[in-house]
Amino acid sequence: MLPDTTVPASLLAVLTFLRGCFTTPTFTTFAALVTGLIAQTGRGTVTGMVTGAGLTRTWSHDRAHAFFSRASWNPDLLGISLSHLVVRQLLPADGLLTVAVDDTLFKRRGKKVFGAAWQHDGAARGPKPVGRGTCFVVVGIVVQLPFLARPVCLPVMARLWRPKQEQSKVGLAASMIRLLAACHHGRRIHVVADAAYHGKALRGLPATCTFTTRLPASAVLYDLAPPPTGRRGRPALKGERLGTPKDLATTAAFTRTEVKRYQRTDTVHLAETTCLWYGSFHTRTVRVILLRDDTTDTGYDLALVTTDLTTRAAGLIARYASRWSIEVTFAEARDLLGVGQAQNRTRSAVERTVPFGLYCYTITVAWYALHGHHPRDVVERRERAPWYTTKAEPALSDMAAKLRRVIIAARFTPTRPGRPTDEEIRAVQQAWAAAGAA
């Protein structure tokens, strides 16, 4: 146990992997705030974390605020340490390292909130996908846990993006991918993203990284560059114009293939072309995968572009389908852990509070996978909620609920029982006397 805190030993064993990112006093605060955010069932504010940790009478709230605004720790380095925990503990030694990239908006009010602005909100409710808040570009490792049929995306890096600044969302994503690849230089990294992530910033990715994204309908493709002619002048960098994905679909030869996506096996029709997407990847060779669900259709339903030249087309479709797990992570982190509800306003605090909350999501899943899972968890959940007749695997709500019970048990089961004080003894004696007199 840490001084003044009641962090369960199993959770502390997970947090110990991250101890090198902090000084000793800061690590104590970090462990307490992680415990508080997970244990808190109310709002996930900074003071809510202190309340969830049961430290409102022990710590000043300024100690928690100072952790985000003034303490010396780097969210990128913390995320890298967390990625090593995920890779070493939750992935097989020879397993593929699949990374999902996306951005999400956390709504914020107030003129003095750093980085807050009106911008696109893909999760907005209503006809207008616009909201005011802070937007974070998130990188997460997609893992397949043995007790889950669906993949899970575990955030390991997140950076604030501000509109009308020098670096775009794609640029932020590319810099985080390069940092992640440098820290995992011995492994090949496969990155998946939606159609918004393409551009010149991706041209400088390491050779150990592949990038797969949805191809925009307006993208213009070219044939590979022809061999040098021997004449004077610069050789051609691209071949003949192949056209848009719609143009490719009219002449492509589709083959019937089975693909595994979204926990089911579908029979689809695939066609692939090796070419250049000169506008985004310049002279780097890419593959374009066209997917058609209905054989009678003359167009396509999905177009993917990838720098992975070796994986089979069906495997690429399955890899891209795993990208949806990061959308699930965003929703669960908001609804179950209260990520983004902190009300701090300064630059350092805003830039570090949301990554901290997303990392708590990863810590919760890692704790459950390493110390908390039991085959009877789903059975007990169905007994408490018999209307879940088809429930076959634990959800994040089940993982968080079990960790909360462990935190509560650690809080009320101290390792060293203390002697009652004189005031407590007198209070009990007075209660007995009052009961006897009644």
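Quick note: numbers below take in every heavy atom, side chains included, and nothing from hydrogens, waters or symmetry partners.
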- Query: Hey, mind stepping through Val191 and Leu205 against side chain to side chain contact (heavy atoms under 4.5 Å, CB included) and telling me if it holds?
  - Reply: CA-CA 11 Å; Val191 185; Leu205 292 182; 5.7 Å; no
- Query: Do Arg162 and Gln167 pass the side chain to side chain contact (heavy atoms under 4.5 Å, CB included) test, and can you show the C-alpha distance, the side-chain angles, and the key distance before you say yes or no?
  - Reply: CA-CA 8 Å; Arg162 293 186 292 158; Gln167 202 165 19; over 6 Å; no
- Just do the side chain to side chain contact (heavy atoms under 4.5 Å, CB included) check on Val339 and Tyr361 with the steps written out, would you? CA-CA 9 Å; Val339 178; Tyr361 181 99; 5.9 Å; no
- Item | Criterion side chain to side chain contact (heavy atoms under 4.5 Å, CB included) on Leu180 and Val139, from CA distance to verdict | CA-CA 9 Å; Leu180 191 66; Val139 172; 4.2 Å; yes
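Side-chain contact between Thr28 and Arg63 is present, with heavy atoms from C-beta onward closer than 4.5 Å. The closest side-chain heavy-atom distance from Val406 to Leu11 is not below 4.5 Å. Looking at Thr47 and His65, their side chains come closer than 4.5 Å, going by heavy atoms from C-beta outward. Side-chain contact check for Ile141 versus Ser83: some heavy-atom pair is nearer than 4.5 Å. Contact of the Leu82 side chain with the Ile363 side chain is registered, since non-hydrogen atoms from C-beta on lie closer than 4.5 Å. Looking at Phe281 and Leu276, their side chains never come closer than 4.5 Å, going by heavy atoms from C-beta outward. Using a 4.5 Å heavy-atom threshold, the side chains of Phe30 and Arg19 count as separate. With a 4.5 Å cut-off on side-chain heavy atoms, Arg159 and Asp76 count as touching.
Between Arg261 and Asp293, at least one side-chain N (NZ, or NE/NH1/NH2) sits under 4.0 Å from a carboxylate O, which counts as a salt bridge. Taking 4.0 Å as the cut-off between side-chain N and carboxylate O, Arg70 and Asp62 count as a salt-bridged pair.
Atom CZ in Phe67 sits 9.0 Å away from atom CE in Met49 (nearest 0.5 Å). Going from atom CH2 of Trp73 over to atom CG of Leu18 covers 11.0 Å, rounded to the nearest 0.5 Å. Distance check: Leu179 CG to Leu77 CG gives 7.5 Å after rounding to the nearest 0.5 Å. In this structure, CD1 in Ile317 is found 15.0 Å from NZ in Lys260, a value given to the nearest 0.5 Å. The OG1 atom of Thr45 lies 9.5 Å from the CG atom of Asn344; values are rounded to the nearest 0.5 Å. Here Thr364 contributes atom OG1 and Leu337 contributes atom CG; the two are 5.5 Å apart, rounded to the nearest 0.5 Å.
Under the 3.5 Å distance criterion, the side-chain polar atoms of Arg150 are left unmatched by any main-chain donor or acceptor of Tyr262. The main-chain N or O of Arg381 is never found under 3.5 Å from a side-chain atom of Lys391 such that the two would form a donor-acceptor pair. Between the side chain of Arg323 and the main chain of Thr212, no donor-acceptor pair closer than 3.5 Å is present. Of the possible polar contacts, none joining the Arg203 side chain to the Arg284 backbone as a donor-acceptor pair under 3.5 Å is found. In terms of modelled atom types and a separation under 3.5 Å, the side chain of Thr35 and the main chain of Ala53 share no donor-acceptor contact. Of the possible donor and acceptor atoms, one in the side chain of Glu393 sits under 3.5 Å from a partner among the backbone N and O of Ala149. The main-chain N or O of Gln341 is never found under 3.5 Å from a side-chain atom of Arg334 such that the two would form a donor-acceptor pair. In this structure, Thr346 contributes its side chain and Ser69 its backbone to no donor-acceptor pair below 3.5 Å. Side-chain atoms of Arg188 never come within 3.5 Å of backbone atoms of Leu97 as a donor-acceptor pair (strictly under, hydrogens ignored). Between the side chain of Thr306 and the backbone N or O of Asp308 there is at least one donor-acceptor pair closer than 3.5 Å.
Of all heavy-atom pairs spanning Ala93 and Arg187, the tightest one is O-NH1, 3.5 Å. Annotation for Ala100 and Cys153: closest pair CB-SG, 4.1 Å, computed over non-hydrogen atoms. Residue Gln119 comes nearest to Trp161 through the heavy atom pair OE1-CZ3, 3.2 Å, listed as atom of the first residue, atom of the second, then distance. The two residues Cys275 and Leu242 come nearest to each other via the heavy atoms CB-CD1, 3.8 Å.
With hydrogens and angles left out, the side-chain atoms of Ser325 and Ser322 include no donor and acceptor closer than 3.5 Å. Side-chain contact check for Tyr197 and Asp103: at least one donor-acceptor pair (N or O, by modelled atom type) lies under 3.5 Å. Of the N and O atoms on the side chains of Thr98 and His190, not one donor lies less than 3.5 Å from an acceptor on the other residue.
Within 6.0 Å of the CZ atom in Arg264, the count of heavy atoms belonging to other residues, nucleotides or ligands exceeds 12. Within a 6.0 Å radius of CD in Glu240, no more than 12 heavy atoms belonging to other residues, nucleotides or ligands are found. Other residues, nucleotides and ligands place no more than 12 heavy atoms under 6.0 Å from the NE2 atom of His61. Atom CH2 of Trp324 has 12 or fewer neighbouring heavy atoms from other residues, nucleotides or ligands inside a 6.0 Å radius. Atom OH of Tyr388 is surrounded by 12 or fewer heavy atoms from other residues, nucleotides or ligands within 6.0 Å.
Evaluated for a side-chain contact (heavy atoms from CB on, under 4.5 Å) with Val101, the options Asp194, Ile177, Ile326 yield exactly one hit, Ile177.
The aromatic rings of Tyr278 and Tyr222 sit perpendicular, their planes meeting at an angle over 60°, well past the 30° parallel limit.
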